[in-house]
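Accompanying notes for the structure given below.
Nothing here was measured: the structure is a model prediction, and the numbers come from that model. A, B, ... follow the sequence lines: proteins, then strands. Residue 1 opens every chain.
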Amino acid sequence: MASNYDDSSITSILKYAQTFKDKTLRDIMSHEVAETVSDINLEYGTRRKGNFGNLVEEYVFGYSPNNDSQADFHKVGLELKTTPLKKLKSGKLVSKERLVFSMIDYMNIINETWEESSFLTKNKLLLLLFYLYEKNLDTLDYKFKIIQILDLLSDVSDADILQIKKDWETIVNKIKKGDAHLLSEADTLYLGAATKASNSSVRRQQPNNDELAKPRAFSLKQTYLNSIVQTYLGKEDKTLFSLTDDKSLPPTIEENIQSRFRPYLGKTNIEMEHELGITYKKRPKSHRRLLLNKIFGTNSNKIKELEKANITMRVIALEPSGRLTESISFPIFKYCEIVDEHWEESNFYEQLTTKRFLFIVFKKNKDGSDTLEKLKFWNFPMQDIDNAKWVWEETVKRIKDKKANELPGIKENQVAHVRPHARNKDDVLPTCYGTYEVKKCFWLNAKYIEKQLDK
DNA sequence: GCATGATCATGC
DNA sequence: GCATGATCATGC
């Protein structure tokens with residue numbers, strides 16, 4: 001195929017790529033490689049995931065998909081990434097998925113440094129092609145929406161690249177310890193170790209442990225990638241509070257937050273409210289959350305870096321005895337939909353393996369005040385995933401058996417249970433067998449969370 | 001004291 | 001209007 005670009009020139013490659021904007025693969029190919037379209041149509045359907053990306057490499061840029069350690073456009077060190085956007089009901093365009101990079105080589109990565117890592121070598125310069133995924137469209141008819149070059153080391157902020165480096169080191173350290181089988185995407189903030197295999201039973205060797213581990217690849221988390229997407233679209237929310245605007249504080253998120261809270265640990269809410277100039281005629285129910293906002297110095301309930309890292313901040317109020325009495329809820333599920341899901345594609349699994357929590361722990365005092373005890377960043381440990389799996393599978397089984405009214409209770413499993421979560425008892429959803437049942441969701445058991453707080 | 005069901009409060 | 005975080009009420 002006569003080349004439409006000069007592969008030794010980034011400018012030339014980008015210029016060619018920019019002509020794709022608002023076009024579909026079918027549009028591009030019918031102009032450039034008309035004779036191959038019918039071949040592609042024949043092949044189409046036999047290919048699996050990665051389909052769109054492979055077609056772009058093969059028929060638009062004219063090289064075969066590879067898994068070299070070299071970048072796709074090796075002469076200029078540019079790696080091509082094709083990745084979908086989706087449209088929310090509100091009309092907002094967001095990233096549909098994480099951005100997945102090359103596989104993590106468990107055996108060799110433990111000898112790498114970040115600066116000379118295979119990840120950075122291959123991926124520091126990216127040509128990003130975002131297309132709009134639409135459910136009922138043929139792959140050839142997705143439209144390209146954003147075409148951008150991303151230079152990881154200079155286009156993202158210094159704070160972000162430091163966080164990404166720290167994430168990389170967190171992952172590598174876990175592998176060094178022989179814990180590759182316990183990796184979770186939720187261990188880290190922006191750069192994650194996402195599972196990547198043709199099926200869920202594939203396992204790989206890891207160093208320092210005979211136990212086999214799921215194959216994983218580096219990825220930029222969906223939430224982080226989405227913050228980049230919003231910038232490209234010119235839609236970033238400038239009112240969001242940013243932790244790293246204050247350059248006198250640590251640039252990495254966990255240290256930054258720890259340093260903001262350090263002066264207040266051990267103090268009561270009364271002392272903190274006095275210090276921060278908060279007065280109430282009547283103390284609102286959300287007073288602890290309002291106090292946290294004041295400590296952060298914002299009126300917004302949203303913090304940019306927490307959104308980018310998919311971290312949910314939760315207030316925990318321990319009883320004076322130190323007991324935690326309240327469990328933690330997850331989104332409600334639909335009885336008719338959950339029965340058709342598989343565990344590893346389920347919403348509950350997705351949440352447990354990608355979400356991080358920031359627990360802000362208060363202890364109630366007998367006089368009615370609270371003491372700010374500690375902060376804890378937490379994500380669901382993979383050691384416990386089989387417990388969660390049991391609860392999920394048991395839930396699906398009982399719904400299929402027409403027993404949506406008898407889902408796993410807190411005594412049946414030490415990690416999670418199912419309970420109502422509705423506006424009131426009339427707030428119901430249909431079951432798949434013609435009845436209605438109050439809205440329910442998965443909860444992490446209070447006693448389980450209480451133990452996790454002490455780890 | 002705990003399991004379980006139910007509902008309130010708030011923000012988007 | 002609804003999802004989500006937070007909390008209450010009841011009965012064993």
Side-chain angles (χ1 to χ4, degrees), chain A residues 88-92 94 223 226 230 235 237-241 269 280-294 296 298-304 306-307 310-335 337-338 347-348 350-352 354-364 366 368 370 372 376 378 391 394-395 398 403-430 436-451 453:
Chain A
L88 300 181
K89 280 183 196 138
S90 61
K92 187 182 177 188
V94 297
T223 44
N226 191 44
Q230 298 314 313
K235 296 276 172 66
D237 184 350
K238 297 207 174 68
T239 64
L240 281 190
F241 177 75
N269 61 330
Y280 294 122
K281 283 195 192 99
K282 180 175 183 290
R283 186 176 300 281
K285 213 175 164 182
S286 57
H287 67 104
R288 297 189 188 96
R289 184 55 203 243
L290 293 168
L291 185 56
L292 301 184
N293 288 350
K294 199 79 181 177
F296 276 115
T298 176
N299 289 322
S300 166
N301 274 324
K302 287 184 171 182
I303 295 173
K304 196 173 174 182
L306 298 189
E307 297 226 322
N310 195 16
I311 297 174
T312 301
M313 184 157 62
R314 295 292 294 256
V315 171
I316 301 266
L318 300 174
E319 296 305 308
S321 63
R323 292 278 89 87
L324 175 61
T325 55
E326 304 298 344
S327 298
I328 289 180
S329 65
F330 282 74
I332 54 161
F333 52 77
K334 296 193 172 124
Y335 301 104
E337 289 178 8
I338 196 170
N347 184 272
F348 190 39
E350 166 93 10
Q351 298 258 346
L352 290 177
T354 59
K355 184 172 272 307
R356 269 178 95 66
F357 289 90
L358 167 53
F359 293 135
I360 313 270
V361 185
F362 289 89
K363 189 169 181 174
K364 296 183 196 168
K366 288 190 174 135
D370 307 315
L372 179 59
K376 186 170 176 79
W378 182 82
V391 175
E394 195 61 26
T395 300
R398 292 186 199 178
K403 293 191 287 195
N405 56 332
E406 292 175 40
L407 300 180
I410 204 165
K411 282 185 290 190
E412 294 186 62
N413 184 280
Q414 52 177 321
V415 168
H417 66 282
V418 177
R419 232 170 65 208
H421 196 184
R423 229 172 21 262
N424 56 49
K425 63 178 163 36
D426 300 322
D427 192 15
V428 295
L429 283 172
Y436 287 86
E437 188 70 27
V438 68
K439 288 179 180 170
K440 292 181 187 173
C441 71
F442 294 100
W443 300 70
L444 289 177
N445 300 357
K447 204 178 276 177
Y448 173 72
I449 295 296
E450 187 192 314
K451 271 189 257 159
L453 291 174

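- In this structure, Trp378(A) and Tyr448(A) have perpendicular ring planes: the angle between them is above 60°, well past the 30° mark.
- Nucleic acid contact class of Lys285(A) (heavy atoms, under 4.0 Å, all strands): base.
- Relative to the side chain of Lys447(A), the nucleotides dG5(B), dG5(C), dA3(B) differ in distance, and dA3(B) lies closest.
- Side-chain N/O atoms of His421(A) and base N/O atoms of dG5(C) include a donor-acceptor pair closer than 3.5 Å.
- Atoms NZ (Lys411(A)) and P (dG1(B)) sit 18 Å apart, rounded to a whole Å.
- Nucleotide dT4(B) holds its P atom 14 Å from the CG atom of Asn405(A), rounded to whole Å.
- Here the side chain of Lys425(A) is nearest to one of dA3(C), dC12(B), dA6(B), namely dA6(B).
- Between dC12(B), dA6(C), dC2(C), one nucleotide has an atom nearer to the side chain of Lys302(A) than all others, and that is dC12(B).
- Nucleic acid contact class of Thr325(A) (heavy atoms, under 4.0 Å, all strands): none.
- Taking 4.0 angstrom as the limit, Arg288(A) places a side-chain polar atom (N or O) nearer than this to OP1 or OP2 of dT7(C).
- Protein atom CG of Asn413(A) is 16 Å distant from nucleotide atom C1' of dT4(B), rounded to whole Å.
- Between Phe333(A) and Tyr335(A), the angle of the ring planes goes over 60°, which puts this pair in the perpendicular group of the 30/60° scheme.
- Nearest nucleotide to the side chain of Glu326(A), out of dT4(B), dA6(C), dC8(C): dC8(C).
- Residue contacts for Asn301(A): at a heavy-atom cut-off of 4.0 Å it reaches the sugar-phosphate backbone alone, with no base atom in range.
- Summarising the geometry, the separation between CZ on Arg314(A) and P on dT7(C) is reported as 10 Å, rounded to the nearest angstrom.
- Contact check, Lys439(A) against dA3(C): a side-chain N or O comes under 4.0 Å of OP1 or OP2.
- Comparing dT10(B), dT7(B), dA9(B) by their closest approach to the side chain of Ser286(A) singles out dT10(B).
- Arg289(A) places its CZ atom 8 Å from the P atom of dA6(C), with the value rounded to the nearest Å.
- Whole-Å rounding puts the Leu444(A) CG to dA6(C) P distance at 14 Å.
- For the pair Ile410(A) and Leu290(A), nearest-nucleotide mapping onto DNA chain B gives the more 5' position to Ile410(A).
- As a whole-Å value, the separation of Asp427(A) CG from dA3(C) P is 8 Å.
- Asn424(A) places a side-chain N or O within donor-acceptor distance of the main-chain N or O of Asp426(A), the cut-off being under 3.5 Å.
- Ring geometry for Phe348(A) against Phe442(A) counts as parallel: the plane angle stays under 30°, on a 0 to 90° scale with 60° as the upper cut.
- Remark: side-chain polar atoms of Arg289(A) are paired, donor with acceptor, to backbone N or O of Asn301(A) under 3.5 angstrom.
- Across the interface with DNA chain C, nearest-nucleotide mapping of Arg419(A) and Ala422(A) shows Ala422(A) to be the residue nearer the 5′ end.
- Rounded to an integer number of Å, the gap from CG of Asn299(A) to P of dG11(B) is 11 Å.
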Handout entry: Evaluation steps, salt bridge (charged side-chain N to carboxylate O under 4.0 Å, His left out), between Glu412(A) and Arg398(A)
Key = CA-CA 14 Å; Glu412(A) 294 186 62; Arg398(A) 292 186 199 178; 2.6 Å; yes
